[in-house]
Amino acid sequence: MMKLSQVVRSGPDQYICQPGALSYLDEKVAHFKKPVIITGEQSYAAFLKHYPGALTCPVLCYDRTASNEDMARLAAMAKDSDCVIGIGGGKALDTAKGTAELLGVQYVMVPTVLGTCAAYTPVSAVYHPDHTFKSVDYYTQAAFLCLLDLSLLVESPKAYLLGGIGDTLAKWYEAEGITQHLDGPLPAMVSVGLQTAEVTRDILLSDSQEAIRSLEEQRITPAFERVVEAIIAVAGTVGGFAGEYGRMAGAHAVHNGMSLVKETHTFEHGIKVAYGILVQLAAAGNTDEVRQLQSFYASCGFPHKLEAFGVHDGLNGKMKAIADFASSSNETFTLAVPDATPDIILESMHYLEALDVSISSF
């Protein structure tokens with residue numbers, strides 16, 4: 001049986017990105033009889049500030065875990081619904097997708113922050129009720145509608161935008177790291193996925209600084225719109241077209257290893273993934289590219305070494321723990337650097353610690 005992760009998934013049935021886009025929500029879901037909203041308190045408040053419509057449907061709050069258990073709880077509460085409208089950040093949207101899958105109904109995605117491509121993809125990162133990572137689940141249906149309201153998103157927290165930039169930048173470096181080891185020409189759809197990853201990289205490297213400034217000033221600029229679409233929509237097509245060749249690799253393995261170090265827990269997912277990009281590049285011997293990224297990291301305020309995450313006590317031991325975890329057979333580092341060992345990853349982290357570069361910490 002072919003796994004869903006191996007099937008080309010081009011994206012939502014409908015996609016809208018513009019200022020005031022929430023004005024289209026009512027007409028787009030008008031033919032559903034019993035829609036239900038799944039959201040969080042802060043997300044729903046941000047949504048209501050910009051929502052001009054008049055939907056009257058149940059509003060259910062997720063428990064912030066994105067767990068199968070919470071999806072089952074919400075599905076039981078919404079058993080008569082024919083459409084799930086997810087409103088919020090990545091975990092809220094992933095919960096809404098999982099709930100819709102259990103119910104066998106359509107779903108609509110309305111992101112309120114800019115941290116991930118969750119609004120665009122038929123995939124959820126699923127956690128245990130204690131918030132530890134469990135699995136990545138693939139769903140049979142893509143979104144009926146993905147609705148990005150730039151007026152809402154330009155008021156979203158800066159930390160999520162920075163995290164979204166870091167996480168999305170990894171799309172290129174991880175996909176390129178995986179595909180460079182394939183023999184012969186790439187399959188056509190994998191090539192499309194790789195090219196969309198390159199598009200995300202180019203947009204982020206050229207427009208991120210202006211997009212951050214736009215959000216700080218709450219101004220919708222062309223750069224802000226390009227970065228929003230790069231983080232959510234274009235990034236969402238990378239795995240959609242490239243499948244398992246566009247999946248997480250070295251950068252995310254380092255992020256996962258950093259979960260062992262409590263000092264890093266307060267940093268956004270994508271900020272840690274951005275550090276993982278540098279570790280992956282250094283482990284592959286691409287130190288020139290590490291140095292080329294330095295000015296970009298400085299402009300975004302991304303830490304370039306573990307010490308900049310506030311890790312001081314027992315630094316060497318914590319670096320070794322991350323390296324051991326990232327290189328394990330259960331992790332994905334070797335998809336990008338096949339010959340990586342714990343020692344190679346640890347040496348790469350030491351290289352980054354020793355870089356004589358002034359990069360602001362986040």
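Not measured: the values here are computed from a predicted model.
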> When you look at T168 and T200, which way does the side-chain hydrogen bond (donor to acceptor under 3.5 Å, both in side chains) test go after all the steps?
Replying inline: CA-CA 7 Å; T168 304; T200 64; over 6 Å; no

Heavy-atom check, side chain of [X] versus side chain of [Y], under 4.5 Å:
| X | Y | answer |
| --- | --- | --- |
| E331 | N256 | yes |
| D137 | N68 | yes |
| T112 | L152 | yes |
| K305 | H350 | no |
| H269 | H255 | yes |
| M319 | V311 | no |
| F224 | R219 | no |
| C17 | L150 | yes |

> Only one of R201, R213, R226 forms a salt bridge (charged side-chain N to carboxylate O under 4.0 Å, His left out) with D207, so which one is it?
Replying inline: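 Of all the options given, the one that passes is R226.
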
Neighbour count above 12 (heavy atom, 6.0 Å) for [X] [atom1]:
| X | atom1 | value |
| --- | --- | --- |
| E289 | CD | yes |
| E27 | CD | yes |
| D313 | CG | no |
| Y62 | OH | yes |
| Y173 | OH | yes |
| Y24 | OH | no |
| E347 | CD | no |

> Given the rule in the side-chain contact (heavy atoms from CB on, under 4.5 Å) test, do E101 and T140 qualify, once you have shown the distances and angles that lead to the verdict?
Replying inline: CA-CA 7 Å; E101 180 81 359; T140 54; 3.1 Å; yes

Salt bridge check: are [X] and [Y] linked by an N-O gap of less than 4.0 Å?
| X | Y | answer |
| --- | --- | --- |
| R73 | D70 | yes |
| E174 | R247 | no |
| R291 | D288 | no |

Hey, could you give me the [atom1]/[atom2] distance between [X] and [Y], rounded to the nearest 0.5 Å?
| X | Y | atom1 | atom2 | result |
| --- | --- | --- | --- | --- |
| M109 | D94 | CE | CG | 8.0 Å |
| I37 | S81 | CD1 | OG | 10.5 Å |
| L147 | D149 | CG | CG | 6.5 Å |

>> Walk me through whether I85 and V36 qualify under side-chain contact (heavy atoms from CB on, under 4.5 Å).
In response: CA-CA 6 Å; I85 302 171; V36 61; over 6 Å; no

> Can you list the steps and then say if D26 with Y51 is a side-chain hydrogen bond (donor to acceptor under 3.5 Å, both in side chains)?
Replying inline: CA-CA 10 Å; D26 287 17; Y51 173 60; 2.4 Å; yes

Please report the shortest heavy-atom distance between [X] and [Y], naming the atom on each side.
| X | Y | answer |
| --- | --- | --- |
| G11 | Y120 | CA-CE2, 3.8 Å |
| P58 | P35 | CD-O, 3.5 Å |
| Y15 | E229 | OH-OE2, 2.5 Å |
| Q280 | A251 | OE1-N, 3.2 Å |
| V279 | S348 | O-CB, 3.8 Å |
| L153 | P111 | CD2-O, 3.6 Å |

Side-chain donor/acceptor of [X] to backbone N/O of [Y], under 3.5 Å:
| X | Y | answer |
| --- | --- | --- |
| T65 | S67 | yes |
| S156 | V113 | no |
| E176 | L194 | no |
| D13 | L145 | no |
| K97 | A118 | yes |
| Y245 | V190 | no |
| Q209 | C300 | no |
| T332 | L335 | no |
| Q106 | C83 | no |
| T121 | G236 | no |

> Going through the distances and angles, do H50 and E155 end up as a side-chain contact (heavy atoms from CB on, under 4.5 Å)?
Replying inline: CA-CA 10 Å; H50 294 276; E155 296 180 2; 3.0 Å; yes

>> Less than 3.5 Å apart, any donor N or O on the side chain of D167 or H252 sitting next to an acceptor on the other?
In response: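 Looking only at side-chain atoms, H252 and D167 do form a donor-acceptor pair, the distance falling under 3.5 Å.
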
>> For L148, run the side-chain contact (heavy atoms from CB on, under 4.5 Å) check against V110, L22, V228, I231 and tell me which one passes.
In response: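 So, applying the side-chain contact (heavy atoms from CB on, under 4.5 Å) to L148 and each of V110, L22, V228, I231, only V228 qualifies.
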
>> Is there a ring-ring contact (aromatic ring centres under 6.0 Å, His included) between F32 and F144? Walk through the geometry before answering.
In response: CA-CA 11 Å; F32 294 110; F144 171 76; 5.2 Å; yes

Are [X] and [Y] connected in the hydrophobic side-chain network, where two residues link if heavy atoms are under 4.5 Å apart?
| X | Y | result |
| --- | --- | --- |
| V337 | I178 | yes |
| L74 | V59 | no |
| F267 | F296 | yes |
| I232 | L204 | yes |

> Going through the distances and angles, do Y275 and F302 end up as a ring-ring contact (aromatic ring centres under 6.0 Å, His included)?
Replying inline: CA-CA 8 Å; Y275 169 70; F302 292 163; over 10 Å; no

> So M258 and K318, side-chain contact (heavy atoms from CB on, under 4.5 Å) or not? Walk me through it.
Replying inline: CA-CA 9 Å; M258 292 172 76; K318 290 170 182 176; over 6 Å; no

